Amino acid sequence: MKDSSAPPRKAGELAQPGCAMTGFLFQMAGSFPSLALVVFGERECAQAMPRLTPPVSDLETWPLFTVALGEREVMEGRAEGRLEEALRVIARERAPRGIVVISTCLADTIGADLEAPCRKVEAETGIPIRGLRTGGLRMRTQAEVSDWVTRTVMDLLPASGEMDPGGVNLVGYRTDRPPSRWLQSRVFRAEAARVLERMGLRLMGCAPVGATEDDWTRIGQGSLTVVSDRALFQKMLKRLDRPGHRVLEVASPMGVAATDRFWRQVGQAMDRDAGPAIEEDPERRRALEALPEVRQAVAGKSLAYGIGSHHNFRPDELAQEGMADLPLFLELGFRVELVIQERDRPDVHRRIERNLQTMGVDLPYRLFYEPAVLRPVLEEGRYDLAYLPDFLEGQAREAGVPMVRFGSMQPGWWGAIRSWGLLHSEGAPVFQQRYGRFLRAEEGVRQGRGGDAGGGR
Amino acid sequence: MRDPIEPFELRDVDSGDLFGVFLAVHAIPGAVMLLHTTVGCKFKTQLQLVSHDWFQESHNQRLWTGVDDIRLIQGSGERLLQFATTWYERRRPEVFVVSTNAAVDLSAFDVEQAVRELRNRLPCHVLLVRAPGTIGSVARGYGRVLAALAETLPIDGNGDPEEAALVGYVFDRYEMEHPANFAELRRLLRAIGLRMGATWLSGEGMGVLQGIARAGTWLVLPEGRFARAALDRRAGGRKVADVSLPLGFAGTMAFLREAGQAAGVPPERVEACIERELQRAAPLAAQGARRLADRRAGVFLPTRLAAAVAVWLAELGIQVPLVGLTDGEDADPEAFQAVLDRLEAPGTLRPELLVAPSRDGGIRALEREMSRGGPVHLVVGTSPWAGPLRHKIPVVELGYPSTRQHWIYPVPFLGFNGAVALVQRFVDACSLHG
């Protein structure tokens, strides 16, 4: 995908910038029950935690806290005292394995001392405490934040020191855990474990997507870390660096060919013949059988592939500047155009072109400068399908372009079959096909404002 | 006794004014929030509505001005001016609501000047509603937008004495419970001889909202209290009156009497209306009450909503041993009691009150209550309570956020019909758990 003359790349340049505090909340909430995360600022900032959706919404207790700075603490210079009090209480009442304190713009603006309270309570309690200047005054790429979160976690949850020569880690892939135990076998993790086992290898940690604390411990046992996008995890990978450990960068296994390629490269790196594990895999057989029909249905159709709008800090979606899922669409024969949320300025074009070149992507692109104006771009492109973040669905609907949610494509062979199911050639569901002409009102949500259905004014 | 960790735990909603301001903006098509804050505040506004409102996406009513450390040092007012001017041309909003956060408030002293300049430059309303972060609540932020809107009204005339406008309606999403509520309130007001005028807020644009001036009476619902002073200033010859939240039979009766009194409706007309309504609705509610009697419920809602719900539960014979007042710094036990007194709550209603509980603290209190007093069969609250209770106690979701309860079919929760619909929901929830 790359050549040696490619210009340097800064990961995350083609996504929205982010607030590091929010990034920590997004990535740590729900994943680390034995660590406490403390927001050093006003209570309102803790609301950035995505608390309304599982797994966070369903947690019996939330290991997240706020120092809840009030006006008096700010004006009277008592923020540090309040932080110290919070840390002491949290350490005593919850006894976490570690505490991460993330500061807000407010704490940074008033110049509150973050270090001293952390050091003091750490010395008193023996619980490791990391105070981080994460306020959003300094904008960072989501990639930077993601890397920061992972290395902080690794610092507090030390990885196992016993390396397994046949152990393989997967870093930066769509390795979500199944939503229920009935779907255990239907996730990429399960497929990866099966293929590795056929090669005489073992799956160790999968991180950071879907990682539990067990993953972070097991990640130390991997002798090979396979990473989706090295640029996203530079500092984290340094932490794993020790004698006998290797890093292999392989593009996400999206689609049949990319999955085959993925396992061949892993096998090669581990000095194993991946052939039998690949060729005899039952899911791969099913995928190969289904592929021609799917390809026939969609080949030649045009697809708008949206990047630049992501803001959920998920490394699997940030990988390759959001283009990690491209191979799945290209394999099916879609004519892909990128639609990028960016301003139409010469320096922006230079940045985009540099990134595309670095990643070996040669596709046309169009720009839209903010979500509200995507519709005309989609109309102009006359696309058959759009692959966009969920919040752009309204724009796609208004443009009359069927949309598949960004991030819904799944890796691996089983994942390919499942993903194809979302790309049905005719796109629109039966309901829309039959009653679509009545659905325009949905866009204007007139019925939500006291229209006829609710007894209009 | 409050656990020492509770002040540091998260609540069901930790938002302050900022989200309340955005909620109001979301309720006014044609309004755009200029988020003159640092980048993380994006997540404290529109993201909070994504799972709550299935009908209307919230992204396009918020524009972030791109404040960072460098712009703060250089002075962010100029940036705000340029940004708003450019975006006015692109979007042509009816109203810009400029909001700042704590960090910008502490360091950007040129924002007010920039807003004054914008008011001169742009042919739309420009409101400045700061969100300091260290103080405030969702209700306060929402109410402060109403107050700022009220300040844009001309002070003249008396309005039509037969038209009554509502102020302080919490229009938190474009789903069908709200049109159903409006239809019910319109029906009831018509029954006492009043025409329902503009409702602040109702998902209507500025043109409709400004129709409030036509009404001779402004009825201020509990969540309109932060706008009350501004309304008084702009009322001219109109009557402005606080009214009860029309939830449950008692709440609805109080609302109609207060509205009638404010608008000069003869009391006998109001009582006749109430009589007719109860003749129809009471037998229906009784079907549920018989089956719900002696069940036990917990309530976790903002103070005034919690009080109205608790009274209705108590009237149905449901015991309410525990109530969490979840509106943060607005949580107010005295206001809770005042609603109970005004609605003549049954004497059996003497719940333990949790003031601004954390979510985990509320769950712990519920568990204590269950070990002390027996099972709790039902919780009325918002979505964050439903997660940890999902295998234990059914949660009837009401208010913001309700991410597991959406209304595609219009079902009210206000008025007499809303009261009966709530009984239906309580019965359904309890039946599932025997």
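Since the model is a prediction, treat every value here as computed from it, not as a measurement. Per chain, numbering begins at 1; letters A, B, ... match sequence-line order.
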Problem - B:T199 (side chain) donor-acceptor with B:S202 (main chain) under 3.5 angstrom - result: no
Practice task
Would you check if the side chain of A:Q395 reaches a backbone N or O of A:L374 as a donor-acceptor pair within less than 3.5 Å?
Solution key: yes
Practice task
Spell out, as yes or no, whether a donor-acceptor pair under 3.5 Å connects the side chain of A:T22 to the backbone of A:A48.
Solution key: no
Exercise for the section: Sort out for me which of A:T109, A:T53, A:T66 touches chain B most, counting heavy-atom pairs under 4.5 Å. Expected result: A:T66
Exercise for the section: Answer with side chain, backbone, both or neither: which region of A:A86 has an atom nearer than 4.5 Å to a non-hydrogen atom of chain B? Expected result: both
Problem - Where at least one partner belongs to residues 32-60 of chain B, residue pairs that pass salt bridge (charged side-chain N to carboxylate O under 4.0 Å, His left out), sequence neighbours excluded - result: none
Practice task
Would you mind checking which part of B:P401 comes under 4.5 Å of any heavy atom in chain A, side chain (CB onward), backbone (N, CA, C, O), both or neither?
Solution key: side chain
Fill in the blank from the handout: Note: vs chain B, highest number of non-hydrogen pairs under 4.5 angstrom among A:C45, A:G18, A:A46 is A:C45
Exercise for the section: For the residue pair B:Y169 and B:F171, categorise the inter-ring angle as parallel (less than 30°), tilted (30 to 60°) or perpendicular (more than 60°). Expected result: tilted
Handout entry: Contact origin within B:W87 toward chain A - heavy atom pairs under 4.5 Å
Key = side chain
Exercise for the section: Below 4.5 Å from any heavy atom of chain A, which atoms of B:I5 appear? Answer side chain, backbone, both or neither. Expected result: both
Problem - Residues in side chain to side chain contact (heavy atoms under 4.5 Å, CB included) contact with B:A191, at least two apart in sequence or another chain - result: B:C273, B:R276
Exercise for the section: Tell me, for B:L389 versus chain A, whether the close heavy atoms (under 4.5 Å) come from the side chain, the backbone, both or neither. Expected result: neither
Practice task
Using non-hydrogen atoms and a 4.5 Å limit, figure out which bit of B:Q46 sits close to chain A: side chain, backbone, both or neither.
Solution key: side chain
Problem - ring-ring contact (aromatic ring centres under 6.0 Å, His included) between A:F391 and A:H311, worked out - result: CA-CA 11 Å; A:F391 60 88; A:H311 54 218; 4.9 Å; yes
Problem - Heavy-atom donor-acceptor pair, B:R390 side chain to A:D58 backbone, under 3.5 Å - result: yes
Practice task
Validate the cation-pi geometry between B:R173 and B:W54: distance from NZ or CZ to the six-membered ring centre under 6.0 Å, angle to the ring axis within 45°.
Solution key: no
Problem - B:R11, part contacting chain A, at a heavy-atom distance under 4.5 Å - result: both
Completion exercise
Contact list (residues 13-21 of chain B to chain A, heavy-atom gap under 4.5 Å, by number) returns B:V13, B:D14, B:S15, B:G16, B:D17, B:L18, B:F19
Problem - Main-chain N/O of B:G361 paired with B:S358 side-chain donor or acceptor, under 3.5 Å - result: yes
Practice task
Heavy-atom pairs under 4.5 Å with chain B are the metric here; pick the option from A:E393, A:E370, A:E93 that has the most.
Solution key: A:E370
Handout entry: Flag if over 12 foreign heavy atoms under 6.0 Å of CZ, B:R92
Key = yes
Practice task
Go through the atoms of B:I363 and report whether side chain, backbone, both or neither lie under 4.5 Å from a heavy atom of chain A.
Solution key: neither
Validation: residues 25-34 of chain A side-chain donor-acceptor distances under 3.5 Å, sequence neighbours left out:
from, atom 1, to, atom 2, distance (Å)
A:Q27, OE1, A:S146, OG, 3.4
A:S34, OG, A:E213, OE1, 2.6
A:S34, OG, A:E213, OE2, 2.8

Handout entry: Interchain contact, A:R72 with chain B, by part (heavy-atom threshold 4.5 Å)
Key = neither
